[in-house]
Participant: 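Let me begin by handing over the structure; questions about it come next.
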Amino acid sequence: MLLNQQFLFTPGPTPIPERVQLAMNQPMIGHRSQAFSHLLEDVSQKLMPIFGSKDPVLLLTGSGTSALETAAANVIEENDHVVVIVTGAFGDRFANICEAFGANVHRLTIEWGKICEPEQLEDFLNSLDYDIKAVFATYCETSTGVINPIKELGEITKRIAHSLFIVDGVSCIGAVAVDMESWNIDILVSGSQKALMLPPGLAFIALNENAKRVIQSCNTKRFYLDLNRYLASYENDKSTPFTPAVSLISGALEVCHMIEEEGLEQVISRHQLLKRMMREGLKAIELLTFVADEYASPTVTAVCPGNDMANPIKKLLQEKYSITIAGGQKQLKGQIFRIGHMGYCTPFDILKVLSALEMSLHDLDGRNVFGKAIKAAEEAWKQYV
Ligand SMILES: Cc1ncc(COP(=O)(O)O)c(C=O)c1O
């Protein structure tokens, strides 16, 4: 083994393509320069199809949670009623953030591992007798690996609550389809270190006119995260109100070029293939996936191996095979492990993890499943090409 060759399969951060790394190593430019304005405008516009947005995408410096907080801080006023769909740890975080801004939060809590079915939201909204300011949802719930039916949830939000629909797309934007207008999404946020193939540190916010009106009239105290400042700076001279993470934005331009070159449609179908290969491989070696196929995210797969094997497998992958994966969060700690397969990830990468899993099972309990997961994954790949 090459001891210094590490393989990163966490559901964020994710591997960075070399050309993106190089783009981030360019000499620094001033953030009040023409060169930076051109860079920002270019990136904000090239991100539009990736976010399914009709408007340029705003860039803030901060992790994904800063994007969630920005969405809440610019919309929620004390005592507003909001609905948060909680399908796991990140939906729960969205609800906690809304509470921190003084909202009356109505949590629609779903069993972990399941999606929010459209009828569940419909019944929940019908059961509430309040003026709802916004419905918050998580597109890919990274803690369980489900992908929520955002299009259907958006339609119900508009039809019943007539409110804003705000979506956390942190762990899937750049790997999945989305169309803000026809899916009724008013604010869509994401972060850099997942399918967008960048280091952590950039937050992305796409928003429509509807959202802008609410944000303009929102009286909640905020400063760094005040979207009005970002909108004004962008409109005035294609700048940001505060010093931005210039290098990450240079990297983001290269990411946009890569997505354009591969083609967004192809990027999306590559992620579907990665998901299928992973799931077929796991099934072939009888490792149970936490989520049913029809709910499964194309960017992250949660596995429950049983017999307290989740942590030993994770540890062995790290120590013997230099593969980093993630464990379970909150109540799933020790019960599942999670494999990220988003962004700079190819079918061969899936074979790599599956092969290490086959070896680990043998190491841990003598199970001989050599080649089984690989074969199943290759067959899934073959059907695709
Ligand atoms: C769906 C989702 N939302 C929000 C976050 C929070 O992002 P960060 O850790 O960058 O603050 C994450 C991170 O894993 C996530 O997966």
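Order of appearance sets the numbers: ligands from 1, and atoms from 1 within every ligand.
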Participant: Do the side chains of Val353 and Leu8 join up, straight or via other hydrophobic residues, at under 4.5 Å, putting them in one cluster?
Facilitator: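 They do not share one cluster, since no chain of ILVMFWY contacts under 4.5 Å joins Val353 to Leu8.
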Participant: Which ligand 1 atoms are under 4.0 Å away from a heavy-atom of Ser171?
Facilitator: 1 (C), 16 (O)
Participant: Is the shortest distance from a Lys or Arg side-chain nitrogen in Glu99 or Arg107 to a carboxylate oxygen in the other one below 4.0 Å?
Facilitator: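 Salt bridge present between Glu99 and Arg107.
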Participant: Quick one: does ligand 1 sit under 4.0 Å from the side chain of Pro11, the backbone, both or neither, non-hydrogen atoms only?
Facilitator: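 Neither; nothing of Pro11 gets under 4.0 Å from ligand 1.
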Participant: Which atoms of ligand 1 sit under 4.0 Å from any heavy atom of Phe90?
Facilitator: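 Once the distances to Phe90 are compared, the set is 1 (C), 2 (C), 3 (N), 4 (C), 5 (C), 6 (C), 12 (C), 13 (C), 14 (O), 15 (C), 16 (O).
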Participant: Show the atoms of ligand 1 that are less than 4.0 angstrom away from any heavy atom in Ser63.
Facilitator: 8 (P), 10 (O), 11 (O)
Participant: Considering only heavy atoms, does Thr65 approach ligand 1 within less than 4.0 Å through its side chain, its backbone, both, or neither?
Facilitator: both
Participant: I'd like to know if Cys140 contacts ligand 1, where contact means a heavy-atom distance under 4.0 Å to any ligand atom.
Facilitator: yes
Participant: Nearest protein heavy atom to atom 14 (O) of ligand 1, by residue and atom, and its distance?
Facilitator: Lys194 NZ, 2.4 Å
Participant: One residue to check: Arg93. Relative to ligand 1, which of side chain, backbone, both or neither has a non-hydrogen atom less than 4.0 Å away?
Facilitator: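 For Arg93, only side-chain atoms sit under 4.0 Å from ligand 1.
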Participant: Could you check whether the rings of Tyr230 and Phe242 sit parallel, tilted or perpendicular, using 30° and 60° as the cut-offs?
Facilitator: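 Judged by the thresholds at 30° and 60°, the geometry between Tyr230 and Phe242 is perpendicular.
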Participant: Please check if Phe9 and Leu198 belong to a single hydrophobic cluster, counting links between Ile, Leu, Val, Met, Phe, Trp and Tyr side chain heavy atoms closer than 4.5 Å.
Facilitator: no
Participant: Which residue and atom name correspond to the protein heavy atom nearest atom 3 (N) of ligand 1, and how close is it?
Facilitator: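 Residue, atom and distance for the closest contact: Asp168 OD2, 2.6 Å.
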Participant: Decide salt bridge (Lys or Arg N to Asp or Glu O under 4.0 Å) for Asp55 and Lys212; before the verdict, give the C-alpha distance in whole Å, the side-chain angles of both, and the deciding distance to 0.1 Å.
Facilitator: CA-CA 11 Å; Asp55 290 293; Lys212 283 183 201 166; 3.8 Å; yes
Participant: How far is atom 16 (O) of ligand 1 from its nearest protein heavy atom, and which residue and atom name does that atom have?
Facilitator: Thr142 OG1, 2.4 Å
Participant: Identify whether Leu188 and Leu121 are in the same connected component of the hydrophobic contact network (ILVMFWY, side-chain heavy atoms under 4.5 Å).
Facilitator: yes
Participant: Same cluster for Ile76 and Leu68 if Ile/Leu/Val/Met/Phe/Trp/Tyr side chains link at under 4.5 Å?
Facilitator: yes
Participant: Please work out whether the ring planes of Phe204 and Phe51 are parallel, tilted or perpendicular, with thresholds of 30° and 60°.
Facilitator: tilted
Participant: Which atoms of ligand 1 sit under 4.0 Å from any heavy atom of Gly64?
Facilitator: 7 (O), 8 (P), 10 (O), 11 (O)
